[in-house]
Structures are given as structure tokens and as C-alpha cells.
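Since the structure comes first, as C-alpha cells, the remarks are kept for the end.
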Amino acid sequence: MRLKYYKKNKNYNFNKYDKIIYKNWNLKKYFFSKINKNKKSINLLLPPPNITGDLHIGHILNFTILDIFARRYRMLGYNVCFIPGTDHASIATEIKIIKILKNKGIKINKISKNKFNKIILKWSKKYNKIIINQLKSIGCSCDWKKKYFTMDKNHYKSVIKVFIKLYKEGIIYKDNKIVNWDIYAKTTISEEEVIYKNEKKDLYYIKYYTKNKKNNIVISTTRPETIFGDTAICVNNRDKRYKLFRNKKFIIPIINRKIPLIKNTLVNKKFGSGCIKITPAHSEKDYIIFKKNKEKYNLKLINILNDDGTLNNKCMNFSGKDRFLVRKSIIKTLKKLGNFVKKKKILSKNAYSERTNTIIEKKISLQWFLKIKKIVKNIKKYINKIIFYPKNKYNNLIYKWIKNIKDWNISRQLNWGHKIPVYYYKNKEVVANNYKIAKKLFKKKYNIKKKDFKIKQENNVLDTWFSSWILPISVLNGINNNNNKNFNYYYPIKILVTGNDILFFWVLRMIIFSGYYINKIPFKKVYFTGIARDINNNKISKSLGNYKNLYYLLKKYGADGLRVGLLSINNEYDFIYNEKLCEKGRNFINKIWNSLKYLKKIKIKKKNNKNKKLNKIIIKWFNNYLIYKINKLNIYIKEYKIYKSFLLIYNLFKEKFCSIYLELIKNNINKIILKKTLKYYKLLLLILHPYIPFVTEYIYNILYKKNKNNKDITVLKFPIIKKKYKKNIIKKFKNTLEFIKYLKKINFIKKNKKRFNLYIYKKEELLYKKKIYFILIYKLSLIKKIKIINKKKNKKKYLFYIFKNFNFFIKKKNIINNLNKKKIYIKIKFYENYLYKIIKKLKNKKFLLLAPKNIINLEKKKKKNIKKLLFTLKNNYKL
RNA sequence: AGGUGGUUAGCUCAGUGGUUUAGAGCAUUUGUUUUACAAACAAAAGGUCACUAGUUCAAAUCUAGUACCACCUACCA
């Protein structure tokens with residue numbers, strides 16, 4: 001690897017070096033995992049992004065967290081297998097292609113299926129490449145040899161195998177049911193892909209007369225265009241208003257067809273007129289009522305919609321027109337006929353397709369279903385074995401979902417996807433792996449003796465999620481061969497990282513499938529991230545396109561900068577993404593770059609014994625502080641508190657290392673301290689590496705690698721320090737810095753910056769020496785010397801100050817008091833009030849009786865100190 | 001309608017039953033071009049911690065209720 005260092009560079013040139021560094025990692029096969037029984041395996045699965053477009057902030061957050069786990073486990077000596085992949089995303093991709101073709105002015109009807117499929121294939125190849133490059137460019141340390149695509153041969157085979165098994169067990173079946181119909185994509189979609197939005201709608205009240213027009217009944221509906229599909233009128237069993245009408249028949253306006261009045265408890269008396277029309281082919285509830293009364297009343301099922309959302313030929317002169325246009329014109333007609341009563345605005349939900357954002361229609365249709373309830377029985381057992389982060393947040397939700405779960409509609413009327421392996425001959429069907437086997441089966445099963453007969457494969461493809469729910473097993477080829485070495489070694493996944501929005505789509509289904517198929521959990525842990533949202537609180541997603549291109553962000557902020565930016569928010573909850581986050585990330589990387597520049601520049605002065613003592617203290621402090629923080633860091637990561645862990649490192653590096661440590665040793669560097677500094681710096685790079693892999697690798701190569709054959713940082717050991725640290729040293733150092741800050745704050749710095757003395761009591765000398773480093777005070781403040789005195793100093797010449805428990809004096813002439821008097825007055829008032837409160841507390845008998853002793857003592861101390869402080873302030877006020 | 005989470009500085013968010021004035025980043029204001037870093041450093045200003053009640057010697061923190069916001073689930077002719 002050729003990495004060069006130019007001292008003139010103002011920042012880390014990520015555009016140039018990130019690629020070189022990743023190539024090098026790849027060349028040395030650091031991320032490729034082979035079975036090694038002496039090493040524990042860690043299996044991580046990258047949730048496959050859809051090939052519909054490039055990656056966005058949500059993905060990057062997700063994958064960064066996964067990559068942190070991967071890199072850290074690798075550095076801890078585990079055999080990490082981080083499996084990347086992409087999803088064919090059947091419906092999403094197909095819609096995307098259709099849109100693109102439409103924009104080009106190409107009509108889909110005029111393209112043959114073959115050609116269409118070729119276009120999609122080309123697209124999928126292109127975007128597979130793009131996505132992989134993007135994953136590499138953000139630093140994902142994946143095992144590329146194990147890369148999968150959900151339309152690969154092997155995966156396809158697995159999907160088919162699973163389908164056949166479930167079909168044979170009677171879990172997959174074909175039936176006429178009400179499904180969600182997307183009129184744009186012309187396919188069914190699953191319940192999870194439907195988004196309900198509450199919107200204002202008109203509720204129409206319409207009169208239906210009896211034959212002789214003597215009586216009428218008023219139904220209420222939001223969809224008057226469906227009257228062509230009416231088969232009955234329904235009221236609640238207990239609704240007394242309609243008692244008179246029992247057993248009567250009514251006539252549908254416009255089409256003049258007779259329909260009966262029926263009863264059902266599902267009808268809500270209070271809503272609308274309490275009387276509804278039944279159109280069983282286009283409403284789930286109506287369908288249920290229809291089924292119950294079908295035989296008794298001889299009801300018919302009438303489908304009135306074409307696949308594109310226009311009315312079909314059963315709708316008289318309205319046929320061929322869009323359902324919403326018909327709604328308007330039919331109301332006009334009803335008004336003319338005198339059947340229209342009134343309309344009312346109500347708030348009601350419209351069902352939208354998540355994929356195409358069009359209003360979906362409920363429609364009766366012959367589809368394939370999966371009896372998920374049948375295989376979900378033992379799920380509690382498996383869910384209890386899996387740990388979810390954040391803990392317990394989703395438990396209730398999960399069980400509720402399982403309770404209400406309906407059969408899963410798995411067939412889609414699309415081209416792009418796994419074709420359902422069912423074959424037809426006349427009205428007979430078989431399920432088989434391929435055409436040849438299917439033909440043989442027909443011959444056997446149905447005793448067909450003809451040599452030449454044509455069979456047809458089912459046109460529909462499977463829902464995308466049908467191929468996703470088997471992933472944990474299928475990526476290790478565990479479906480085709482459930483006793484292979486890889487599968488036995490790597491299964492199950494250690495931790496799954498994913499957005500909380502696909503809990504039902506994917507996460508739960510994987511648990512259900514693995515539990516059913518091999519009686520095992522698919523993963524040990526699940527880490528849910530929040531969802532990235534834009535300023536308007538919309539999900540950042542491919543379909544909305546509300547995000548900037550990744551390459552733009554990478555060019556501007558670098559991969560490490562992006563990673564830092566996204567780690568700067570608490571990712572357990574949804575968050576609003578703002579590009580300023582990336583700026584913060586970039587700035588941090590810049591800081592790191594400059595620290596390297598500084599270390600490269602250091603020149604050692606030969607004779608420097610002046611500040612040996614100071615150096616010793618600094619080293620002692622930082623050494624202990626590092627151990628303390630690294631210990632804490634490891635605890636955070638073990639608890640999967642990623643956000644906290646990074647915040648810790650961020651502050652450790654920027655504040656403690658750069659602002660304090662490096663500033664303190666400046667101009668005072670000898671061989672020993674340089675050696676120590678490089679050691680600390682290496683430790684910092686190591687703990688930073690999982691978070692920001694590129695820049696740390698670069699610096700490590702520049703600063704520490706002497707031979708080509710030396711290891712890169714990515715395979716070094718992650719520091720876990722078992723040494724104990726000394727708390728009192730850390731505290732003493734902190735105390736001292738606070739003391740110095742206080743000295744600066746009381747504002748007695750002379751303009752000529754002449755040094756002056758600080759006076760302390762003899763009796764407090766020990767306390768001072770125990771808790772404060774004098775040497776640091778000399779270094780960082782204008783104090784010339786700390787002098788020890790026996791008696792109180794003359795008020796006229798000296799001013800008395802207090803910091804925590806420390807009392808000290810300063811000569812008045814050393815103070816330039818430019819605090820204005822008003823401010824001091826406000827302070828005095830504040831402390832007087834504060835003092836009053838404490839005195840009151842200390843007079844409270846209950847407090848003295850019940851509060852712990854140390855708290856009481858603390859209050860007493862406070863009282864003392866505030867009194868003194870007030871004294872000082874008042875003195876200052878006079879000044 | 002039910003569930004979950006939230007309400008803390010102008011913005012985005014940390015935070016803990018008692019530590020003299022509740023923290024960070026960004027934004028704002030002021031100062032500093034001093035040899036690692038102006039994408040920096042130093043500092044200032046900015047908060048009745050949503051509201052009400054309760055528990056407690058002590059509540060921003062625990063409990064309950066209210067209001068508002070977000071998400072999820074269900075109903076809707």
C-alpha cells in the first residue's frame with residue numbers, strides 16, 4: 001500500500017486514500033472468513049438493500065453500526081463473517097423500471113415480457129455493482145466472497161424448495177379472497193405494504209326504494225360507484241329502526257336490480273344511517289357478511305372493477321371509466337333520479353400503496369396464501385431466546401401482531417421475482433422444481449399417456465419477503481443442504497442490525513421461519529435503530545427520494561466524516577437528519593488529521609530537565625485516565641450502547657487528548673514523553689478504528705508501520721485493559737483544572753500579564769497539596785508562587801476568595817475588576833437567597849433526623865462556604 | 001379508540017432522587033491569525049427541565065392525571 005504524507009495538506013485527503021486503503025484490506029483478505037474450529041465464529045448479516053437505487057442515510061447508519069460490531073469482534077480475535085447482499089425487491093424494482101420506461105415514452109404493453117425481463121436484469125446488474133461499491137466506500141468490512149443476491153441461482157433454488165415443502169404440507173394454498181389491489185402496479189400487495197391515511201371524505205346517504213315505491217331505506221356509503229356490485233342491504237340485528245323492513249326487498253337505483261335486506265352484528269348502528277349496502281367483491285367486511293348469508297338469500301358475488309381501476313362491463317354506460325370519475329357522475333344521476341338524500345364530511349382512512357402511492361382497491365381474487373397462524377405457534381419460545389435492543393420496547397407490539405395475524409398473501413402479478421413452481425395441465429396442477437420434473441409428475445399422478453402435451457407454469461411470482469424470511473439459513477446454503485460445514489459453523493447470526501420499521505415485514509418472519517423450518521432461532525440479538533427522517537418528519541426512503549446522493553456526501557465529508565456524523569445522534573430513536581451532522585463529523589476527522597501533523601512535527605530538545613516533574617504528572621494522569629475511559633467504553637459496547645460509546649471516544653480524543661494533554665506537553669518534549677505520547681496515540685487509534693476505519697488506518701500506516709510486512713491496524717488487537725486505575729489522580733487533576741478555570745473567572749488578570757502571588761492558610765496547606773497540583777497552576781495561570789501565611793490578611797490590601805473548600809487571598813492591586821457592579825449585585829442576591837434556603841433546611845428537624853449524615857454535612861459545608869463567598873462578593877462590590 | 005415513546009438553551013439532543021449556578025454539539029456575541037488545527041482555541045450570553053397533583057426530609061429525576069407531538073395497531077359503510 002502506498003500512502004504518502006504531505007505536511008502541507010490541510011486535511012486528510014479521503015477522496016484519494018480511502019479507496020487505496022480499502023483495496024489493500026481486500027488484497028490482504030482481512031475480511032474473508034474461513035472455517036477455523038479453534039476460533040469462535042461471529043456471523044453478521046447485512047440487511048440487503050433493494051436494488052432500486054443507491055444507499056441513503058438510513059442504510060449508512062445501519063451498516064456503520066454493523067461494521068463497528070464486525071471490526072470490533074475481528075479485533076477481539078473472533079472469526080468474523082460479515083455477509084453482504086442485495087435484494088431483488090420484486091415490486092419496488094418493477095415499478096421503478098416501469099416509471100423509467102414511461103418517462104422515456106415507451107409503453108409497457110408494447111414490450112414483450114422477455115424484453116422487459118432483460119431490461120430489469122440489466123438494471124439489477126448495474127445497481128448490484130453500484131451498491132457494492134457504495135458499501136465498500138463507506139468502509140463495510142464484508143466477506144465479499146459470500147456476497148448474495150436474492151435472485152441468484154442458489155437462493156432461487158432455496159426459495160423454490162421452501163415453497164414446495166410448505167405446499168406439500170398444506171401450509172401454502174390457493175384461494176379466492178379479498179386482497180389489496182394496486183391499480184398502478186396491477187398486482188396484489190400485502191397488508192404490511194398498505195398505508196392508511198386519515199382523510200376527509202364524503203359520506204353519501206342514498207335512498208333505496210321497495211318495488212312499489214311505498215317504502216324506502218336510506219343507506220350510507222363513501223363509495224357510491226360500487227352500487228353495481230351490490231348484492232344486499234344490511235342492518236344491525238338489534239336496530240329497531242329497521243324492524244318494519246324485515247324480509248322486504250329493495251331496488252338498486254339506476255340498475256333496478258332487486259336485493260334483500262339482511263341482518264348482521266358487524267354493522268354499527270351509530271355510524272351513518274346504520275344501514276349499509278353489501279358489495280362483497282370489494283370489501284372485506286361485506287365479504288364476511290356475504291359468506292354467512294350466501295345460501296340463505298342466494299346472494300351473488302359481483303366484481304365490478306378492471307385491473308386498472310376502471311369499472312368493467314357490468315356497469316352499463318359507466319364501464320371503462322375510472323372509479324373516481326364514476327363516483328362524481330353517479331351522484332349526479334342519483335340526484336336526478338331523486339335517490340340522493342344528503343352528503344356529510346367524515347374523517348375516514350384511505351388505503352394507499354406504499355409502493356406506488358395510489359389508492360388501493362379491495363378486490364376478490366384468486367391468489368396464493370400462507371397459513372402463517374399454523375406455523376407461528378411456538379414463536380414465544382424463540383422470541384424469549386432472542387435479546388432485543390433497546391430492551392423490551394417492542395415486546396407488546398410483537399405479541400399483538402401475532403395475535404391478529406392473517407394468512408399471508410404471497411403471490412404477486414409481476415414479472416420480476418421468483419416464479420411460483422406450480423404447473424398446470426387443463427385444470428390439474430402439480431408442484432415441482434422445474435418443467436421436466438413437472439411433466440413427469442403429471443404423467444405419474446394423472447396417468448397421462450400422451451407423449452406431447454403442454455403444461456403451463458403459474459404466472460405469478462412470490463412476494464419479495466418470501467425470499468427474505470429464509471435468508472439467515474439460505475445465505476449459508478442451509479436450505480439446499482442443511483448439514484453443510486458453513487451452516488454448522490456460522491449459524492445463527494450473532495446480531496442483526498436493522499431499522500425498526502421492518503420488524504413485521506422481516507425480523508419476525510425470519511424468527512417464524514427458522515423456528516418452523518429447523519427449530520432454531522435465526523439470530524441471537526437484534527439491534528433496532530431509529531428511522532432517519534427529513535425536516536418534514538418524513539421517512540428518508542428510496543421511494544420518496546428525499547436524500548442526497550451518497551457520492552456527493554462522500555466527496556464532501558468523507559466516509560469517516562459521515563460515520564461520525566451519524567454516530568453523533570442517539571440512534572435508538574427516530575431522528576431528524578441534518579447535513580450539519582456530517583459537518584461535525586468532518587471537523588472531527590480534521591482534528592485527528594491535525595493531531596497527526598503535530599506529532600510528525602515534534603522535535604526533541606536535547607537538554608530539557610526543567611519540567612520533568614510536570615511531565616511526570618501529565619503522564620501519570622493521562623495513563624490513568626485512558627484506562628478508566630477504555631474500561632468504560634468496553635462496558636458501553638457490551639451493553640450495545642453505541643451512541644454513548646462513541647461520545648465517550650469523541651470527548652476523550654478531542655478534549656482530553658488534544659486540548660489538554662497535547663497542549664500541556666507542548667514545547668516540553670523529551671524522548672520519554674514522546675514515546676509515551678505515541679503509545680497513547682496508538683491506543684486512541686485502536687479504539688477509534690471500528691468507528692472511523694479509514695483515517696485511523698492511514699495514520700497507523702504513516703506513523704507506526706516500519707516494514708511493509710507489518711500488520712495493518714484493522715487486524716490488531718482491540719485494547720482491553722485489565723489494570724486498575726487510580727481514581728484520586730484523575731480527581732486531583734480535574735480539581736486543579738477547575739481551580740485554574742476559577743482563577744481565570746474571577747477576572748484578576750492584569751493587562752500586562754505580570755505574574756503575582758497567591759496566599760493560602762498554613763492550616764490548609766496539606767489539603768491543597770493533596771488535592772491540587774501546584775505545578776499545573778504555575779504552568780497554566782498567572783500565579784507566580786503560592787505563599788503560605790498564618791494569619792488573616794489585611795482587608796484593605798487583600799481580597800479573600802473561595803473555591804470549593806479552598807480559601808485564598810490575592811493582593812488587591814493585582815486585580816482589575818471589570819465585572820460590572822450590577823452583575824455582582826445579582827450574584828449577591830442569588831447567594832443570599834440560596835443561603836436562606838440552606839439555613840431553612842438546616843433548621844428543619846425532619847431533615848436533620850431522616851437525611852443521611854453526609855448530606856447534612858454537605859449542607860453545613862455549603863452554608864459555611866456561601867457565607868464566605870458572600871463576604872468576598874460584597875468586598876468586590878465595594879471595590 | 002388502544003399501545004409505545006417523547007416534551008430540558010434559538011435548533012438537535014444528553015442527563016441523574018441530594019455535588020455551591022442543570023450538560024454537549026450547532027447557531028449567536030466577543031476576543032485571538034501564537035509554528036498541529038479559524039473545519040481552531042479562549043470566553044460570554046441563553047433554561048420557572050410542558051402543566052397539575054401526589055410520594056419523600058429532599059423531585060427536572062419516582063407515581064398519577066392533563067395538554068401537546070410523534071410512531072405503531074385497530075375501526076370506519
Side-chain angles (χ1 to χ4, degrees), chain A residues 7 10-11 196 198 201 203-205 219-224 226 234 266-268 271-279 283 285-286 346-350 390 392-397 400-401 403-404 500-501 503-504 530-531 533 537 539 557 561 568-570 572-578 580-581 583-603 643-644 647 650-651 655 658-659 662-663 666-667 741 744-745 802-805 827 830-831 834-835 838 841 844-852 854-856 858-859 861-866 868-869:
Chain A
K7 62 183 176 182
K10 274 205 155 182
N11 36 41
Y196 293 100
N198 270 327
K201 269 188 191 175
L203 179 68
Y204 300 97
Y205 290 70
I219 61 102
S220 44
T221 181
T222 53
R223 300 171 62 197
T226 60
C234 189
L266 283 176
V267 180
N268 183 351
F271 191 93
S273 63
C275 172
I276 61 173
K277 60 193 205 58
I278 302 290
T279 46
S283 153
K285 202 185 220 180
D286 288 9
I346 58 157
L347 201 68
S348 170
K349 76 177 173 189
N350 275 329
N392 300 328
K393 201 178 162 188
Y394 299 99
N395 287 8
N396 282 340
L397 216 70
K400 220 176 173 183
W401 182 77
K403 218 180 168 184
N404 291 325
N500 61 31
D501 54 337
L503 171 63
F504 301 127
I531 306 296
R533 293 177 183 282
N537 209 31
K539 231 194 245 181
Y557 305 105
S568 314
I569 39 107
N570 187 353
E572 286 178 17
Y573 303 101
D574 289 9
F575 64 95
I576 291 166
Y577 165 75
N578 189 326
K580 284 211 167 130
L581 288 172
E583 260 171 51
K584 187 189 167 183
R586 185 200 54 187
N587 292 356
F588 182 60
I589 304 302
N590 186 42
K591 188 85 187 166
I592 294 174
W593 167 257
N594 277 300
S595 66
L596 167 73
K597 252 172 111 174
Y598 176 61
L599 290 179
K600 286 287 268 186
K601 214 172 190 181
I602 284 176
K603 278 175 195 164
Y643 162 73
K644 273 190 174 178
L647 195 69
Y650 181 87
N651 286 330
E655 222 171 88
C658 291
S659 293
L662 286 183
E663 289 300 327
K666 220 174 216 179
N667 302 328
K741 212 175 178 184
K744 279 181 185 167
K745 229 179 183 177
I802 261 181
F803 168 73
K804 289 193 176 176
N805 292 324
K827 264 192 178 178
F830 173 84
Y831 280 111
Y834 197 80
L835 187 66
I838 292 174
K841 217 181 202 177
N844 188 345
K845 279 177 192 171
K846 272 189 180 174
F847 173 73
L848 292 171
L849 209 86
L850 291 167
N854 57 331
I855 298 295
I856 296 172
L858 204 86
E859 291 296 319
K861 254 187 202 171
K862 269 194 219 167
K863 185 182 154 187
K864 239 187 184 177
N865 288 343
I866 289 170
K868 285 181 189 171
L869 193 73

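So you know, we letter chains A, B, ... as the sequences are listed, proteins then strands, and number each from 1. Every value quoted in this text rests on a predicted model; they were computed, and no experiment measured them.
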Should [N] form a Watson-Crick or G-U wobble pair with both distances under 3.5 Å, which nucleotide is its partner?
{"N": "B:U28", "value": "B:A44"}
{"N": "B:C68", "value": "B:G6"}
{"N": "B:U63", "value": "B:A53"}

Side chain of [X] only, please: which of [options] is the nearest?
{"X": "A:Arg533", "options": "B:U20, B:C71, B:C57", "result": "B:C71"}
{"X": "A:Tyr573", "options": "B:G6, B:C71, B:G15", "result": "B:G6"}
{"X": "A:Lys862", "options": "B:A70, B:A77, B:U19", "result": "B:U19"}
{"X": "A:Asn594", "options": "B:C57, B:C37, B:A77", "result": "B:C37"}

For B:U35, take OP1 and OP2 only and decide whether either is under 4.0 Å from a side-chain N or O of A:Lys601.
no
Check whether any side-chain N or O of A:Asn570 sits under 4.0 Å from OP1 or OP2 of B:A14, and answer yes or no.
yes
Distance, [atom1] atom - from [M] to [N], rounded to whole angstrom:
{"N": "B:A59", "M": "B:C75", "atom1": "P", "value": "46 Å"}
{"N": "B:A1", "M": "B:U52", "atom1": "P", "value": "26 Å"}
{"N": "B:A9", "M": "B:C51", "atom1": "P", "value": "11 Å"}
{"N": "B:G10", "M": "B:U48", "atom1": "P", "value": "8 Å"}
{"N": "B:G6", "M": "B:A45", "atom1": "C1'", "value": "29 Å"}
{"N": "B:G25", "M": "B:U35", "atom1": "C1'", "value": "29 Å"}

Can you confirm if the NZ or CZ of A:Lys591 lies within 45° of the ring axis of A:Tyr650 and under 6.0 Å from the centre of its six-membered ring?
no
Nearest atoms (heavy-atom pairs only) where A:Asp574 meets A:Ile531:
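Closest approach of A:Asp574 to A:Ile531, heavy atoms only: OD1-N, 2.9 Å.
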Could you list all N or O pairs between the protein and nucleotides 25-30 of chain B that sit under 3.5 Å apart?
none

Charged N to carboxylate O under 4.0 angstrom, A:Lys666 versus A:Glu663?
yes
Counting any heavy atom closer than 4.0 Å, what does A:Tyr831 reach on the DNA or RNA strands: base, sugar-phosphate only, or nothing?
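It contacts base atoms.
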Within this structure, what is the NZ-CD distance for the pair A:Lys644 and A:Glu572, rounded to the nearest 0.5 Å?
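Rounded to the nearest 0.5 Å, the NZ-CD separation comes to 9.0 Å.
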Could you tell me how far apart A:Ile531 (CD1) and B:U4 (P) are, to the nearest whole angstrom?
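Atom CD1 in A:Ile531 sits about 20 Å away from atom P in B:U4.
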